[in-house]
Every structure is written in structure tokens, then in C-alpha cells.
2 protein chains.
Amino acid sequence: MPRTTDGDGTPVPQRLLAAATRLFAEQGYDRTSVQEIVEAAGVTKGALYHYFGSKDDLLHEVYARMLRVQQERLDAFADADEPVDRRLRAAAADVVVTTIEHLDDAMIFFRSMHHLSPEKNKQVRAERRRYHERFRALVEEGQKTGVFSTATPADLIVDYHFGSVHHLSTWYRPEGPLTPQQVADHLADLLLRALRP
Amino acid sequence: MPRTTDGDGTPVPQRLLAAATRLFAEQGYDRTSVQEIVEAAGVTKGALYHYFGSKDDLLHEVYARMLRVQQERLDAFADADEPVDRRLRAAAADVVVTTIEHLDDAMIFFRSMHHLSPEKNKQVRAERRRYHERFRALVEEGQKTGVFSTATPADLIVDYHFGSVHHLSTWYRPEGPLTPQQVADHLADLLLRALRP
DNA sequence: TTACACATACCGACTGGTTAGTCTGGCCCG
DNA sequence: CGGGCCAGACTAACCAGTCGGTATGTGTAA
């Protein structure tokens, strides 16, 4: 058996990714040396450059993983067979819970975009846009059917909500008074109340 | 006369700060070398280390400048002789306009906090907390007097709004369809609508 | 008014340290 | 016994901050 796993049973690539995620979130991308990552994962540089092309690749993988998960979840909520306000509320609350559950990923996402190589940056932006557009479509559907106010452009609504999601990694602390679900309910309520006609 | 100015008449320290602000926003703090900054300002390292103690000092100065301006403006709006909903709306809209007018500063603010030395970081956090608390006091005043809904804790309201302000540096482009004032009006309206009882 | 001392403003080569990525070689499983 | 998997020394480049030096202005005393 190839020794892609160690005593703990987790495959080396995943150990590297987990170590990198934690360190990037704690110290920032540039402040984290490749040496630190491999030490935290219990391997050496040889292993890292066997599985990943560059330090940059590691960062890109964090983005890809997060975008994949969020897009899948959004699609599921948006496609549900419910009134549009219920679908939007569910999607808006879910992204809050998911973001809190992966606060490290979120921290890295919004703080380290500019550290990606130009091509990877472009790719991430494109996927992100796809995500936003799906969300915006929900808002527009509600506006067209008169369920939501049309006072504010749907684009702005989306940026408004994702601003607050983005901001979570700055202020949310697990030891704080609110559970992820409570925060999600509050933020979704705020969105829906702002959208009342 | 000491030659603290050059052909363009701007004093050297301010030229350095302006160059650093632009470069930090464009490339990030760690990716910007001291050499680049001094070249952009048309001086050399000797000049930089004559006026500033470290690269870190330069970053801290950006933060201090921004916090000073925002706090002054908030205080002015909060102290005005008007109903609380008008005061909150004015303050909420003003911070949006000011942030858009200094998008580089805002970008650096939210992206580079963790690059500050621990003491400076602590200091910035303290000033920022003071700012938030002043804003929160406005929300609480409105909630106590029944002008705003009490469904959501005031803390969360503040983070909700500043999330969207924070996010501006990610999506707002001067060449886009909305003027800073229009964006500010929309975001302030969203906040006030979410607060309707 | 001149001359000398001192301070401020700045220059730019240099140093000590760090880093991403490479490469050769060896281990071990099938 | 061969190739996927990995070790770890090595390289080439870069960077923050230092330091001795120069130039220009200001105060002071003969």
C-alpha cells in the first residue's frame, strides 16, 4: 500500500490541505511558509510538491472546495418546490450557517483573493459570479411577482446580504452568545424585512 | 528651507503615505516592497525611515487616518438635533459615501488588519469598537423609543450594516451605474426598512 | 557680517535572514 | 523489481532595515 496515509489514517493530500487552511486563516497566505505547512501536516516539501503544483495551488483548492459546496447547497434550495420568499429565506439562512461552520475558509476567501495567480483569480471570480446570479435570480423572481419591494435593484440586495456573510469571519466567535442557526435566522429575517413591499 | 517637498510641492511624508496606500490596496501589504513605495514616491529608503519607524508604521498611519475621519463624521451626525431615525439614516448613508470616496483605504482596512503588529492591532480594534458602540447606541435608542423593531439585537444590526460597507471595496466600481450617493441611499434605505417595527 | 557648529533631510550600498521551488536519491508495496 | 511516494539538502532570489555619508539650512558669537 502506498504510504499516502500516516498514523492517523488521513491521506496526505487532505492533511496538507487542512493544515494549509488553518494556517492561512490564522496568519495569512504570505505569512505562512511552505515549511510551516508541511511540518503541521507531518510531511516534508517533497510530499507537498508531489501532490500540488505550487503554494498557490493549495490556496486555489480551498476556494474550489468552498465554492463547490456553496453552489450545490444554493441550487438545492433554489430548486425547491416552495414560494419564492421561503426559498430565498432558506438559501440566505443556509449560507450563513455554512459560512460559520467553515469560518476559516471564509476568512481566507475574502482576505486572500488577491494572492491567487491572475488565471486562478479569474476562474474563481467567474464561479462566484455564477453563484451570485443564481441568488439574484431569486430576488428578481420575487420582485416580478410582487412578493418583494422593487425599491432596490436586485444586484444591490445580493451584495448587501453577502456583505454581511463576508463580515461574519471578522466578528463571529463560536464562544459568543448566538448559535450559528440563531445568527442565520436573524440575518435572513433582516433581509426579508428589508424586502417587504 | 528644508527640502521636505519636491517639484510637485507635496511634502515627502504625504507622498510616501499616498504611494503606500495605493500600492497596499493594489497588491497587498506583504506583496509591496519598501523599495517600490519609495520609488513611487520619488525618494529613497533613507527618506522613508527618516519619517517612519517601519513599514508597519506606514500601514498603521493609513488606519489611524481613516478611523479619525469616520469617527468625527459619525459623532457629528449622531449629535445632530433630529429624530433618531433621521440621525441613523444620515450616519448610515454617510459612512457609505465616505468609504466609497476612500475605497483604497477601505480595501486595506479589511484585508490587512492582521499585518499590523499586535499592539497596533489592539489599538486599532479599540478605536473601531468605540466607533461601533456609538453606532449601536443610535440603534438602541431607536429600539427603546419604539421607532425601530426590537426583533434583532442592536449588535447584529451594526454588524449587518458594516458588513455591507466592508463589502463595498469588493464590488463597487466608480465606472458602474450608481453614484456613491445613490448606493448610500439604497443601503441606508435597506437598513431602515429592516428596522421598521 | 562672517565663520563655525549643529541639526534636519535625505541618499544608497550593504547585511543578515527568509523563502518558494528543485532535485537527487531511497524506501516499500504490489 | 519498478514506479508511486516521499525525504531533505540545496539554490537563487528577494527584502526590511541599517548605517556611514552628503547637502542644505539655522543659530550664535566674535
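Chain identifiers are assigned alphabetically (A, B, ...) following the order of the sequence lines, protein sequences preceding nucleic acid strands; residue numbering begins at 1 within each chain.
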Whole-Å distance separating the CZ atom of B:R15 from the P atom of C:dA9: 14 Å
Kindly indicate, with the supporting measurements, whether the criterion salt bridge (charged side-chain N to carboxylate O under 4.0 Å, His left out) is fulfilled by B:D85 and B:R196. CA-CA 10 Å; B:D85 56 337; B:R196 276 180 306 183; over 6 Å; no
Report the distance from atom CD of B:Q27 to atom C1' of D:dC15, rounded to the nearest whole Å. 14 Å
Looking at A:D79 and A:R87, is any side-chain nitrogen of the basic one under 4.0 Å from a carboxylate oxygen of the acidic one? no
Are B:R136 and B:E140 close enough for a salt bridge, meaning some N to O gap below 4.0 Å? yes
May I ask you to verify if any side-chain N or O of A:H50 is less than 4.0 angstrom from the OP1 or OP2 atom of D:dC5? yes
Measure the distance from CD on A:E36 to P on D:dG8 and round it to the nearest whole Å. 18 Å
Taking CG from B:D57 and P from D:dA16, how many angstroms apart are they, rounded to a whole number? 14 Å
Taking B:D189 first and then B:R89, would you say they form a salt bridge - that is, a charged N and a carboxylate O separated by under 4.0 Å? yes
Look for any protein N or O under 3.5 Å of an N or O in nucleotides 20-22 of chain C and output each such pair with its distance, or none.
unit_1 : atom_1 : unit_2 : atom_2 : d
C:dA20 : OP1    : A:T32  : O      : 3.4
C:dA20 : OP1    : A:K55  : NZ     : 2.9
C:dA20 : OP2    : A:V34  : N      : 2.9
C:dA20 : N7     : A:K45  : NZ     : 3.0
C:dG21 : OP2    : A:Y49  : OH     : 2.9
C:dG21 : OP2    : A:K55  : N      : 3.0
C:dG21 : N7     : A:K45  : NZ     : 2.8
C:dG21 : O6     : A:K45  : NZ     : 2.6

Rounded to whole Å, CD1 of B:I37 lies from C1' of D:dG17 at a distance of 13 Å
What nucleotide among C:dC10, D:dG8, C:dC11 has an atom nearest to a side-chain atom of B:V12? C:dC10
Does NZ or CZ of A:K55 fall inside the cone over A:F24's six-membered ring, less than 6.0 Å from its centre and within 45° of the axis? no
What is the separation between atom CZ on B:F52 and atom C1' on C:dA9, rounded to the nearest whole Å? 14 Å
Report the distance from atom OH of B:Y51 to atom P of D:dT18, rounded to the nearest whole Å. 18 Å
So that I can tick it off, tell me whether A:D104 and A:R22 are bridged by a salt bridge, with the cut-off set at under 4.0 angstrom between side-chain N and carboxylate O. no
Nucleotide D:dA16, atom P - distance to CG of B:L59 in whole Å: 13 Å
